[in-house]
Amino acid sequence: MKFGVIVFPGSNCDHDAYHIISKHVGQPVDFIWHRDTDLGTYDAIIIPGGFSYGDYLRAGALARFSPVMASVKGFAARGGFVLGICNGFQILCESGLLPGALIRNRGLHFICRHVNVRVETTETPFTHELKAGEVLSLPVAHAEGNYVCDDETYAELVGEDRVIFRYCDERGGLTEEANVNGSRAFIAGICSRERNVLGLMPHPERACEDLLGSSDGSGLFRSLAATLAAR
Amino acid sequence: MDSQAITSEVVAAHNLTREEYARIKELLGREPTFVELGVFSVMWSEHCSYKSSRVHLKRLPTTGERVVVPPGENAGIVDVGDGWCAAFKVESHNHPSFIEPFQGAATGVGGILRDIFTMGARPVAAMNSLRFGTLDHAQNGRRNRALLAGVVAGIAHYGNAFGVPTVGGEVVFDDAYSLNPLVNAFALGLVRHDQIFFGKAAGIGNPVLYVGAKTGRDGIHGATMASAEFDDEALEKRPTVQVGDPFLEKLLLEACLEAMRAGAVAGIQDMGAAGLTSSSCEMAARAATGVELDLSLVPQREEGMTAYEIMLSESQERMLIVAHRGRERQVIDIFRKWDLDAVVIGRVTDTGSVVVVHEGERVAEISSKYLTDEAPLYERPMKSKADGGRRTGEGAAVESGTTSDAGASAAPASVRAAVGDPTINAEPGASVGGGVDIVSPAPPTAPALKEAARDYNEALVRLVTAPSVASKEWVYQQYDHMVRTNTAVLPGADAAVVRIKETRRALAMCLDGNGRYCAVSPREGAALVVAEAARNVVCVGARPIAITNCLNFASPERPEVMWAFSEVIDGMAEACRALGTPVVSGNVSFYNETEGRGIHPTPVIGMLGLVEDVRRVVTQGFKREGHLIALVGETSEDLGASEYAATVEGRGLQEMIAAGACVPRLDLGRERKVQEATLRAAEEGLLESAHDCSDGGLAVALAECCFSSLGRGGVGAEVKLDGGELTPTVQLFSETPSRVVVSFDESQRTRFERIVAGAGAPFRVIGRVGGDRLRISVNGDELIAQPVAELEAAWRAALGRKLRAEDVAAAAE
């Protein structure tokens with residue numbers, strides 16, 4: 001199995017994603033420059049966090065026009081796995097690969113800290129090794145992570161079991177206080193209808209070692225690797 | 001404009017003295033051109049030339065077995081093992097941050113990051129030392145809140161987008177900084193030993209390339225601005241503050257590192273203060289070569305810029321690269337890949353001069369050594385506190401300048417304080433130091449201290465909620481402190497720890513200052529700051545190896561300020577020698593005064609420590625019920641200039657001085673023993689926790705050990721102090737240095753005792769972790785009993801509560 005990490009001008013969690021795949025998942029991984037368009041040899045693509053194009057205009061709004069994004073759409077349409085983390089999630093929404101949008105945090109500040117998220121479903125290639133209802137401690141680091149969508153989209157997301165992670169308290173309770181950025185219905189991560197594209201605001205790649213405060217993110221990469229191994 | 005006549009007004013407007021101008025004419029053997037005058041004015045400014053400080057800075061120790069690059073380059077570099085080196089430096093951006101807090105702080109971060117990657121090092125950590133006036137001051141509170149919110153937002157804006165974790169620092173509130181906040185930015189990068197680059201224009205005939213952002217009219221004379229005090233027109237200087245673009249800087253970083261890796265770069269320097277002027281002149285001077293530049297080739301953002309403007313612009317995110325001859329195409333292609341300009345604008349010559357051509361006309365020709373080695377050097381007059389027959393209270397001369405008011409000495413203490421210390425508002429009930437009403441000045445005797453602190457619980461609550469002591473999470477949660485996945489000890493600790501992924505080692509780092517101590521006694525204050533910084537990295541299990549410093553002072557033209565500066569250098573030098581931590585980089589910021597009022601002398605120390613095994617890192621929180629708590633070091637009576645005196649007793653600095661306050665006595669021999677004992681115990685894996693005792697003393701340190709942290713709930717402790725002659729207030733809140741609170745499993749007690757005794761450090765087991773309260777008894781009386789959860793909630797919320805929604809909204813965009 002082979003992973004690719006896309007590098008836009010302004011990506012800054014690209015090295016972190018690369019590190020996790022090469023050192024923790026233990027699989028081959030390449031950086032993919034945003035002007036490259038050949039994704040033929042990859043099984044999974046990671047769109048990493050950062051400030052692509054400086055987040056100018058809107059977070060993710062310019063990156064969607066990079067040449068590589070047309071290829072990512074094709075890759076996803078063919079069933080390839082796409083994981084968008086933080087700015088990657090924003091880019092996936094701007095590209096239309098995922099519905100909804102991420103707006104300024106409720107408190108207006110950039111927020112960097114560990115938060116709790118609840119695993120809402122294990123019926124995805126990214127979460128099948130986790131337990132439904134399990135609470136993970138994952139860092140967030142964003143200013144625009146407040147997920148919004150219209151009622152119709154929300155009904156669809158819920159009806160199709162596509163809300164993957166929700167912000168919660170340490171026991172899994174959905175309290176307003178735990179909703180770190182004010183997202184609609186506590187949404188921290190969603191997947192596409194075909195379930196092969198996942199976007200989330202928290203950073204699982206920052207939570208794969210106890211040394212860094214949490215290894216709760218490793219289950220997501222373990223799940224994805226198992227999915228790919230079984231193909 | 002380039003041909004403007006040079007009158008005495010023009011010379012004065014360039015902040016050059018008549019003598020300096022005469023010297024310029026003598027060196028050149030003619031009148032300078034207008035461009036040359038501009039070049040001299042920035043290169044000879046205090047900011048660039050260190051003309052008032054150089055004679056003193058020479059007394060700092062700068063050598064050591066780990067030092068790879070001593071001061072003089074863009075950043076200092078030390079060896080951290082396994083072929084890796086750390087490049088680090090701290091620099092001030094005080095003046096711009098006062099004028100325009102968001103952009104001023106942002107470009108401060110941008111500038112220090114460029115200083116690091118110009119050495120070939122990838123930045124892996126940033127920190128900031130921030131000082132503001134108090135947030136609820138009757139007159140200036142609103143502005144102070146806006147400054148805090150704006151500076152923090154600016155740092156977040158730049159560091160987060162650039163992708164460097166902002167892992168630590170300090171935030172201090174004191175009205176000495178009300179109209180002159182301090183914003184000192186630190187950055188650290190990692191570089192392989194054999195891949196270090198220098199700011200040298202080496203190789204005759206090599207092409208000189210301009211890379212990065214285009215040049216505009218922003219920031220012209222920023223260096224000169226930072227070398228003069230402010231008056232009420234300060235805010236009109238806003239156009240001299242540059243605008244930063246972290247996105248561009250991130251591209252510049254990647255392109256520069258790629259060009260360096262490709263082997264195309266012979267020398268490189270960022271265009272910081274004084275832009276193209278300082279980068280070209282300094283690179284030529286370091287290599288003893290010359291540089292010839294054609295300004296018509298410089299990428300420009302605006303039309304019709306003159307040579308003067310191009311040379312003096314401080315537009316951000318630009319670098320000057322000397323490429324190896326024949327490799328310029330490769331450099332240009334790499335920068336084009338990152339959508340950046342890279343243009344050959346000149347070449348290295350053997351003339352020793354910087355020659356500037358603009359539109360075919362030679363507009364400047366100056367020997368580069370005139371701008372560097374021949375820059376003025378002043379031994380400015382100094383006058384100590386003791387000189388001039390002045391008595392108590394006149395320590396004010398050090399930090400607040402205008403003490404010529406002879407009548408003040410005759411006035412009662414309270415009036416004198418109000419006159420000399422602007423931190424104390426004349427109206428009754430005005431708050432200082434954490435919103436506590438002013439307590440009428442007490443006679444300077446120990447019993448008075450005791451009386452003021454009858455309720456020890458209340459004193460502890462006041463201390464942990466004082467903004468300078470309270471949790472800074474409102475600040476550091478706005479910074480991405482985890483990007484790059486190396487942050488092993490998160491912000492809020494004694495020191496941050498960033499691992500070196502490729503090795504087992506990690507780097508510990510902290511920033512520390514103490515303006516109040518240095519105002520009372522600059523020499524001892526500076527030594528105390530160095531000792532505390534070293535102790536802080538020891539507390540996470542690191543050996544202190546080197547420092548960087550940022551020396552923030554008022555006008556060097558005032559003898560008492562210069563005296564304090566000299567004292568600070570001597571105190572710092574002594575402590576650095578004793579602790580084996582040479583100074584490898586730094587920055588001097590003078591003229592920190594507004595409307596004739598200066599700041600406290602404020603040296604800020606950036607300490608670097610090396611952790612041999614990242615798995616042995618120690619954190620401050622108590623880990624498990626039943627663990628024993630010990631105090632390494634010994635408490636004595638050091639309350640005079642303490643946080644307790646400021647916060648609980650509500651004393652302003654003048655009052656403290658009038659009451660005969662001294663700074664704590666530092667015994668560097670003991671300090672070393674305490675650090676050695678703590679470090680050995682940490683390296684042996686004995687310690688469950690370690691925490692420095694500093695602001696607020698032992699009681700505050702114990703409370704902080706009880707508070708929860710990531711993945712660890714809060715826990716109580718039962719502590720019994722038996723101090724013989726010392727009063728309970730001293731036992732609880734004294735700020736005696738060389739003390740560390742540690743905890744360990746009872747089974748390790750014998751080993752622990754052997755290690756500490758072996759190092760020759762005093763220690764005493766003082767209690768045990770457990771329960772949900774912090775209980776402290778002194779000589780058998782339980783004086784403190786606080787539910788940890790409540791105390792922690794107050795500590796966490798205190799700072800955020802001071803900030804109003806409008807402050808935050810104003811800074812958000």
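Just so it is clear: chains get the letters A, B, ... in the order the sequence lines come, proteins before strands, and each one is counted from 1.
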Undergrad: Check each atom of B:K501 against the heavy atoms of chain A and say whether the ones under 4.5 Å are side chain, backbone, both or neither.
TA: side chain
Undergrad: Any side-chain heavy atom of B:T487 within less than 4.5 Å of one from A:L212?
TA: no
Undergrad: Within the side chain of B:D480, is there an N or O that forms a donor-acceptor pair under 3.5 Å with the backbone of A:A141?
TA: no
Undergrad: If I measure from the heavy atoms of chain B, does A:E209 come under 4.5 Å with its side chain, its backbone, both, or neither?
TA: side chain
Undergrad: Who wins among B:E249, B:H157, B:K250 for the most heavy-atom pairs under 4.5 Å with chain A?
TA: B:K250
Undergrad: Taking side chain as everything from C-beta outward and backbone as N, CA, C, O, which of these in B:D245 sits under 4.5 Å from a heavy atom of chain A? Side chain, backbone, both or neither.
TA: both
Undergrad: For A:Y53, is it the side chain, the backbone, both or neither that has a heavy atom under 4.5 Å from a heavy atom of chain B?
TA: both
Undergrad: Is it the case that over 12 heavy atoms from other parts of the model lie below 6.0 angstrom from the CZ atom of B:R504?
TA: no
Undergrad: For A:H15, which atoms come within 4.5 Å of any heavy atom of chain B: side chain, backbone, both, or neither?
TA: side chain
Undergrad: Is it the side chain or the backbone of B:R499 that comes within 4.5 Å of chain A heavy atoms, both, or neither?
TA: side chain
Undergrad: Looking at side-chain heavy atoms only, is the closest gap between A:Y56 and B:F247 below 4.5 Å?
TA: yes
Undergrad: Kindly say whether B:A161 contributes a backbone atom to a donor-acceptor pair with the side chain of A:N12 at under 3.5 angstrom?
TA: yes
Undergrad: What part of A:H19 gets closer than 4.5 Å to chain B, counting heavy atoms only: side chain, backbone, both or neither?
TA: side chain
Undergrad: Taking the inter-plane angle between the rings of A:H109 and B:W474 on a 0 to 90° scale, is it parallel (under 30°), tilted (30 to 60°) or perpendicular (over 60°)?
TA: perpendicular
